[in-house]
Amino acid sequence: MKEIEINRVEALKSLENAMVAVDVNRRLMQSDSFVFFKGNLITFSGEIRTIQPSPFGDEIEGSILAQDLLAVFKKFSDQNLLVTAGDGELLVSGEKRKAGVKMDQDILMPFKTVQRAKEYKPLHPVLMDYLVQASLVCSKDESAKWEMTHVHADAEFVDATDSHRYFRASLATGLEKPLLIQAKLVQVFSKFKLVEIDATTTEGWVHFRTAENFEISLIMNKSGYFNRTMLDNLLVLQDAKYVQLPENLEEILARAEIMCDKENPSVEITLKEGEVSVFSEKAFGWFRETQKVDYIGPDFSFSINPAFLRGMLKKTKEILVNDFLAKVSVDGTHFVSALIKKVV
């Protein structure tokens with residue numbers, strides 16, 4: 001088999017991108033592996049599938065444990081490497097070192113059970129941003145009702161709720177069919193600059209693609225979402241009044257993020273008569289800062305993702321409050337939170 005010379009950094013980027021669909025627990029055949037097949041690099045966990053041009057071209061086919069091959073490419077320091085398919089292994093050669101990684105010639109990964117996208121269309125430039133923002137509102141509790149763990153989008157809206165909070169962005173999404181995607185999957189693919197979408201070809205799946213021809217496909221829930229009238233009513237706050245938040249609240253939130261849990265970033269905003277405080281904590285620390293504010297009313301708190309609130313505060317410092325809810329609205333984007341009346 002002839003040697004193939006590759007750029008190590010470019011190949012490493014391809015492998016790292018493919019890792020988003022690698023399941024190290026191997027719930028499916030070869031779901032813990034990179035599959036090289038017909039010029040493509042493929043990974044498939046059952047919930048996510050990635051397909052991209054193989055860094056090895058169409059000369060090499062087989063299945064290799066993802067973590068092993070990734071480790072080899074990370075440990076080598078050469079700019080260029082030579083790769084060769086040998087007897088049951090992939091040989092990787094640098095200037096001063098070589099490594100062999102076991103390669104299975106049998107392709108058993110069931111990636112073909114998900115049909116390839118056929119009708120890619122341009123992705124609305126801000127749709128991904130709103131999907132990610134909505135995912136931050138969803139419940140992280142996998143035992144919660146599925147509606148609380150999924151992001152919903154249709155032709156007019158992107159929304160999500162965890163039963164205590166509700167997010168909605170109003171925009172012409174360009175979607176022909178509704179999307180209903182697990183929040184954790186939205187957060188996985190948010191790292192990619194996606195430019196195209198196909199939500200119609202494959203029943204129960206949505207496909208995205210980057211300008212570099214990296215395809216990522218996500219499983220969707222095929223159930224219906226909440227009644228739209230019920231969701232509309234969540235945005236109506238009876239007997240509410242506006243409270244002006246401190247001008248430097250963005251700076252306070254940035255400081256509070258230092259002590260936020262990275263997996264579930266959240267701060268607690270507390271309003272008392274004449275003051276507002278921001279509190280965050282994680283396993284090994286906490287942060288609190290208090291500022292004066294023109295507020296007269298009952299004490300209450302609500303929790304919110306700090307990065308999301310900072311984005312809203314760039315356009316408004318007002319929050320609408322009644323005895324039960326707090327709402328921030330900017331340019332068709334709304335965030336509503338139930339209030340925590342017991343302030344500690």
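With no hydrogens or angles considered, a side-chain donor-acceptor pair links E47 and Q182 at under 3.5 Å. Side-chain contact annotation: S135 with Q187, donor-acceptor N/O pair under 3.5 Å present. Remark: the T50 side chain and the T43 side chain contain an N/O donor-acceptor pair separated by less than 3.5 Å. Using modelled atom types and a 3.5 Å distance limit, the side chains of T270 and S301 yield a donor-acceptor pair. Judged purely by distance below 3.5 Å, without hydrogens or angles, the side chains of T333 and D331 never pair a donor atom with an acceptor atom. In summary, the side chains of T200 and D198 do present a donor paired with an acceptor at a separation below 3.5 Å, with no hydrogens or angles considered. Side chains of H207 and S217: a donor on one and an acceptor on the other come within 3.5 Å. A donor-acceptor pair shorter than 3.5 Å can be found between the side chains of S143 and D141.
L108 and L41 fall into different hydrophobic clusters, where Ile, Leu, Val, Met, Phe, Trp and Tyr residues are linked whenever their side-chain heavy atoms come under 4.5 Å apart, directly or through other members. Cluster annotation: V236 and V330 are assigned to distinct hydrophobic clusters (Ile/Leu/Val/Met/Phe/Trp/Tyr, side-chain heavy-atom contacts under 4.5 Å, transitive). Hydrophobic clustering (ILVMFWY, side-chain heavy atoms < 4.5 Å, transitive): F56 and M19 are in one cluster. Under the 4.5 Å side-chain heavy-atom criterion for Ile, Leu, Val, Met, Phe, Trp and Tyr, I258 and L313 are members of distinct hydrophobic clusters.
Within the 3.5 Å criterion, the main-chain N or O of W146 finds a donor-acceptor partner in the side chain of T149. Side-chain N or O atoms of R27 include none that pairs as donor or acceptor with a backbone N or O of G46 at under 3.5 Å. Between the N305 side chain and the F308 main chain, a donor and an acceptor come within less than 3.5 Å of each other. A distance-only check finds no donor-acceptor pair linking the side chain of S93 to the backbone of K98 [under 3.5 Å]. Looking at R49, its side chain does come within 3.5 Å of a backbone N or O of V114 through a donor-acceptor pair. Remark: the backbone N or O of D154 is paired with a side-chain donor or acceptor of T173 at under 3.5 angstrom. A donor-acceptor contact shorter than 3.5 Å is absent between the side chain of E289 and the backbone of V278. The backbone N or O of M109 sits less than 3.5 Å from a side-chain atom of Q30, completing a donor-acceptor pair. Distance alone, capped at 3.5 Å, places no donor-acceptor pair between the K38 side chain and the D58 backbone. Between the side chain of S45 and the backbone N or O of I48, at least one donor-acceptor pair lies under 3.5 Å.
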Exercise for review: Given side chain to side chain donor-acceptor pair (under 3.5 Å), test S329 with H334 step by step and report yes or no.
Suggested key: CA-CA 4 Å; S329 297; H334 310 278; 2.8 Å; yes
**Study point:** From CA spacing to verdict: side chain to side chain contact (heavy atoms under 4.5 Å, CB included), V243, E318
**Key:** CA-CA 6 Å; V243 176; E318 286 188 329; over 6 Å; no
Exercise for review: Would you please test L65 and D32 for side chain to side chain contact (heavy atoms under 4.5 Å, CB included) and show each step?
Suggested key: CA-CA 6 Å; L65 281 176; D32 57 352; 3.3 Å; yes
Exercise for review: Let me see the working for K140 and D162 under salt bridge (charged side-chain N to carboxylate O under 4.0 Å, His left out), right down to the final yes or no.
Suggested key: CA-CA 9 Å; K140 306 297 186 297; D162 64 355; over 6 Å; no
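Remark: D87 CG is loosely packed, at most 12 non-hydrogen atoms of other residues, nucleotides or ligands lying under 6.0 Å away. Residue Q79 qualifies as open at atom CD: its count of foreign heavy atoms under 6.0 Å is 12 or below. Counted within 6.0 Å of NZ on K191, heavy atoms from surrounding residues, nucleotides or ligands total more than 12; the atom is thus considered enclosed. For H164, the NE2 atom counts as loosely surrounded, since its 6.0 Å shell holds 12 or fewer non-hydrogen atoms of other residues, nucleotides or ligands. Other residues, nucleotides and ligands contribute over 12 non-hydrogen atoms within 6.0 Å of the CD atom of E275. Within a 6.0 Å radius of CD in E95, no more than 12 heavy atoms belonging to other residues, nucleotides or ligands are found. Heavy-atom contacts from other residues, nucleotides or ligands closer than 6.0 Å to CG of N25 number more than 12.
Sequence neighbours left out, the pairs with a member in residues 222-273 that pass ring pair (Phe, Tyr, Trp, His ring centres under 6.0 Å) are H152-Y225. Contacts classified as salt bridge (Lys or Arg N to Asp or Glu O under 4.0 Å) and involving residues 302-313 (residues at least two apart or in different chains) are given here: E257-R310.
For the pair E215 and R116, the salt-bridge criterion is met [side-chain N within less than 4.0 Å of a carboxylate O]. Taking a cutoff of 4.0 Å between a charged side-chain nitrogen and a carboxylate oxygen, E250 and K317 qualify as a salt bridge. Salt bridge present: E142 and K184 bring a charged side-chain N and a carboxylate O closer than 4.0 Å.
For F279 and F287, the ring centers sit 6.0 Å or farther from each other.
Residues C260 and V267 are in side-chain contact: their nearest non-hydrogen atoms beyond the backbone lie under 4.5 Å apart.
The aromatic rings of F300 and F302 lie parallel to each other, their planes meeting at an angle below 30°, with 60° marking the opposite boundary.
For the pair R168 and F157, the cation-pi criterion (under 6.0 Å, within 45° of the ring axis) is fulfilled.
Across every non-hydrogen atom of P55 and A11, the tightest pair is CB-CB, 3.8 Å.
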